[in-house]
Colleague: 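So that we are looking at the same thing, I have put the structure below in structure tokens.
Sequence positions, counted from 1, serve as the residue numbers for this chain.
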Amino acid sequence: MSSNDENLNGNKREKDDSEQKKSSTVNEFLDWVESFVFAIFLVLLVFIFLFRTVVVDGTSMLPTLEDGQRLLLSHFNYTPQRGDIIVANSPSLNKTIIKRCIGVEGDKVIIDYETNTITVNGEEIDESYLGEEMEILTTFDESYKISDTQYEYDVPDGCIFALGDNRNGSRDSRDAGVGFIDMDDVLGKAVLRFYPFDTFEVLS
């Protein structure tokens with residue numbers, strides 16, 4: 001074999017090796033793109049079926065939540081528990097509301113405005129998240145009044161009793177126009193505040 005033939009064969013092998021490396025690089029890139037797209041798809045599925053985002057509208061949850069903050073809401077197979085920050089549709093107010101679940105079906109809730117306390121089934125609950133003492137407002141449903149300073153609520157089946165943390169600036173289950181919240185209207189539980197970024201916090 002002549003030196004020219006050897007050079008041709010060598011060049012061919014080098015060309016074949018170069019094409020194989022190029023093909024391998026392209027395949028690796030396509031595999032990476034496929035994995036990336038699949039990961040994004042999984043994230044979207046998680047958000048669609050397990051979470052959604054909501055924007056705080058108003059000041060009824062001060063000082064815990066402020067107007068305009070964005071929250072991550074867990075809604076898959078969710079059942080409200082006492083103390084949860086819940087998001088619900090309010091047919092009477094014709095809007096979505098954010099409140100704190102105080103009582104669930106079967107609970108007896110007594111609010112004493114003289115002692116600034118709430119008891120559920122005879123046990124006082126910790127409300128250290130409140131910013132000020134509660135006041136009796138003119139919007140309250142007087143049918144639940146049991147004394148000059150006390151209101152008693154028996155939570156019906158399939159409902160929850162929910163209040164805003166800003167007790168003196170919230171339309172909630174004490175309000176004659178709102179009342180108990182039907183479980184079917186509860187959209188989920190707020191689990192994370194993610195915007196503004198400097199207020200990022202897991203919500204309890």
Side-chain angles (χ1 to χ4, degrees), residues 54-69 71 73-75 78-193 201-204:
V54 294
V55 180
V56 178
D57 180 18
T59 59
S60 71
M61 281 298 290
L62 288 173
T64 307
L65 302 173
E66 297 181 7
D67 183 45
Q69 292 181 336
L71 313 176
L73 185 69
S74 174
H75 63 92
Y78 170 66
T79 301
Q81 304 294 319
R82 300 182 198 97
D84 289 354
I85 296 175
I86 62 99
V87 177
N89 288 322
S90 175
S92 58
L93 297 179
N94 195 29
K95 67 176 185 177
T96 300
I97 58 175
I98 301 177
K99 306 295 176 185
R100 189 180 296 272
C101 178
I102 301 298
V104 298
E105 58 182 7
D107 283 346
K108 180 184 291 293
V109 178
I110 297 178
I111 305 179
D112 191 324
Y113 292 89
E114 182 178 12
T115 60
N116 196 50
T117 59
I118 294 181
T119 59
V120 178
N121 303 326
E123 294 187 9
E124 183 178 332
I125 63 174
D126 177 17
E127 292 206 292
S128 53
Y129 44 77
L130 297 184
E132 58 184 356
E133 291 190 356
M134 299 181 290
E135 299 175 358
I136 297 176
L137 306 179
T138 57
T139 57
F140 291 174
D141 188 337
E142 293 293 302
S143 65
Y144 296 100
K145 192 172 186 177
I146 58 174
S147 75
D148 288 342
T149 61
Q150 290 184 322
Y151 287 72
E152 179 180 293
Y153 306 87
D154 293 305
V155 186
D157 291 343
C159 295
I160 65 170
F161 181 82
L163 304 175
D165 286 357
N166 180 11
R167 295 292 156 78
N168 302 325
S170 171
R171 297 193 65 184
D172 47 44
S173 290
R174 300 168 299 174
D175 193 305
V178 179
F180 299 106
I181 297 175
D182 195 299
M183 287 281 292
D184 290 338
D185 290 326
V186 176
L187 301 177
K189 173 187 177 180
V191 295
L192 180 74
R193 176 174 52 213
E201 182 183 11
V202 175
L203 300 172
S204 59

Colleague: How long is the span from the CD1 atom in I181 to the CD1 atom in I86, to the nearest 0.5 Å?
Modeller: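 I181 CD1 to I86 CD1: 4.5 Å, rounded to 0.5 Å.
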
Colleague: CZ of F161 to NZ of K99: how many Å apart, nearest 0.5 Å?
Modeller: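 Answer for the CZ-NZ pair, F161 versus K99, is 11.5 Å.
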
Colleague: Taking the inter-plane angle between the rings of Y144 and F180 on a 0 to 90° scale, is it parallel (under 30°), tilted (30 to 60°) or perpendicular (over 60°)?
Modeller: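 Ring orientation of Y144 relative to F180: perpendicular.
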
Colleague: Is a side-chain N or O of R167 found less than 3.5 angstrom from the main chain of G164, in a donor-acceptor match?
Modeller: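 Pair found, side chain donor or acceptor close to backbone of G164.
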
Colleague: Taking all atoms of both residues into account, what is the closest heavy-atom pair of P80 and I160, and its distance?
Modeller: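 Between these two residues, the closest heavy atoms are CB-CG2, 4.1 Å.
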
Colleague: Can you sort out the partners of E201 under salt bridge (Lys or Arg N to Asp or Glu O under 4.0 Å), two or more places apart, ordered by chain and number?
Modeller: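 In terms of salt bridge (Lys or Arg N to Asp or Glu O under 4.0 Å), with neighbours along the sequence ignored, E201 is linked to R193.
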
Colleague: Cut-off 3.5 Å, no hydrogens considered: what does the side-chain donor-acceptor table look like for residues 100-111, sequence neighbours left out?
Modeller:
from, atom 1, to, atom 2, distance (Å)
R100, NE, D165, OD1, 2.9
R100, NE, D165, OD2, 3.4
R100, NH1, G83, O, 3.1
R100, NH2, D165, OD2, 2.7
E105, OE1, G158, N, 2.5
D107, OD1, R82, NH2, 2.9
D107, OD1, N121, ND2, 2.9
D107, OD2, R82, NE, 2.7
D107, OD2, R82, NH2, 3.2
D107, OD2, V104, N, 2.9
K108, NZ, E152, OE2, 3.3
K108, NZ, D154, OD1, 2.8

Colleague: Quick check: closest heavy atoms across Q69 and E66, and the distance to 0.1 Å?
Modeller: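 Heavy atoms only, the tightest pair is OE1-N, 3.0 Å.
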
Colleague: Partners of D67 by side chain to side chain contact (heavy atoms under 4.5 Å, CB included), sequence neighbours excluded?
Modeller: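 D67 satisfies side chain to side chain contact (heavy atoms under 4.5 Å, CB included) with D57 only.
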
Colleague: Please collect all ring pair (Phe, Tyr, Trp, His ring centres under 6.0 Å) contacts where either partner lies in residues 80-106, sequence neighbours excluded, each pair once.
Modeller: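 Listed by first then second residue: nothing to list.
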
Colleague: What pairs with S173 under side chain to side chain donor-acceptor pair (under 3.5 Å), at least two apart in sequence or on another chain?
Modeller: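 Checked S173 against side chain to side chain donor-acceptor pair (under 3.5 Å); zero matches.
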
Colleague: Could you work out, with side chain to side chain donor-acceptor pair (under 3.5 Å) as the rule, every residue matching S147, not counting sequence neighbours?
Modeller: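 With neighbours one apart ignored, the set is empty.
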
Colleague: Taking only residues two or more places apart in sequence or in another chain, which ones pass side chain to side chain donor-acceptor pair (under 3.5 Å) with E132?
Modeller: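 Result, side chain to side chain donor-acceptor pair (under 3.5 Å) vs E132: N168.
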
Colleague: Which residues satisfy the side chain to side chain contact (heavy atoms under 4.5 Å, CB included) test with D112, sequence neighbours excluded?
Modeller: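 By the side chain to side chain contact (heavy atoms under 4.5 Å, CB included) rule, D112 matches E114, T115, T117, T149, Q150.
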
Colleague: To the nearest 0.5 Å, what is the distance between CG (N166) and OG1 (T59)?
Modeller: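 Here the rounded value is 5.5 Å.
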
Colleague: Can you list every pair that meets salt bridge (Lys or Arg N to Asp or Glu O under 4.0 Å) and has a residue in residues 136-146, with sequence neighbours left out?
Modeller: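 Counting only pairs at least two positions apart or across chains, the salt bridge (Lys or Arg N to Asp or Glu O under 4.0 Å) contacts touching residues 136-146 are E142-K145.
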
Colleague: Please report the interatomic distance CG(L163) to CD(E127), rounded to the nearest 0.5 Å.
Modeller: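 Interatomic distance, L163 CG to E127 CD, rounded to 0.5 Å: 7.0 Å.
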
Colleague: Within this structure, what is the CG-CE distance for the pair L137 and M134, rounded to the nearest 0.5 Å?
Modeller: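 Atom-to-atom, L137:CG and M134:CE are 10.5 Å apart.
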
Colleague: Which residues pass the side chain to side chain donor-acceptor pair (under 3.5 Å) test with T96, sequence neighbours left out?
Modeller: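 Listed in chain order: N89.
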
Colleague: Would you give the length of the straight line joining atom CG of L203 to atom CG of L192, rounded to the nearest 0.5 angstrom?
Modeller: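 It comes to 6.5 Å.
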
Colleague: Would you name the heavy atoms of D175 and G177 that are closest together and state the gap between them?
Modeller: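 Closest approach of D175 to G177: OD1-N, 2.7 Å.
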
Colleague: Going by side chain to side chain contact (heavy atoms under 4.5 Å, CB included), name the residues that satisfy it together with I136, two or more places apart in sequence or in a different chain.
Modeller: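 Residues passing side chain to side chain contact (heavy atoms under 4.5 Å, CB included) with I136: Y113, F140, Y151.
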
Colleague: With a 3.5 Å cut-off and sequence neighbours excluded, list the donor-acceptor pairs that the side chains of residues 183-191 form with protein atoms.
Modeller:
none

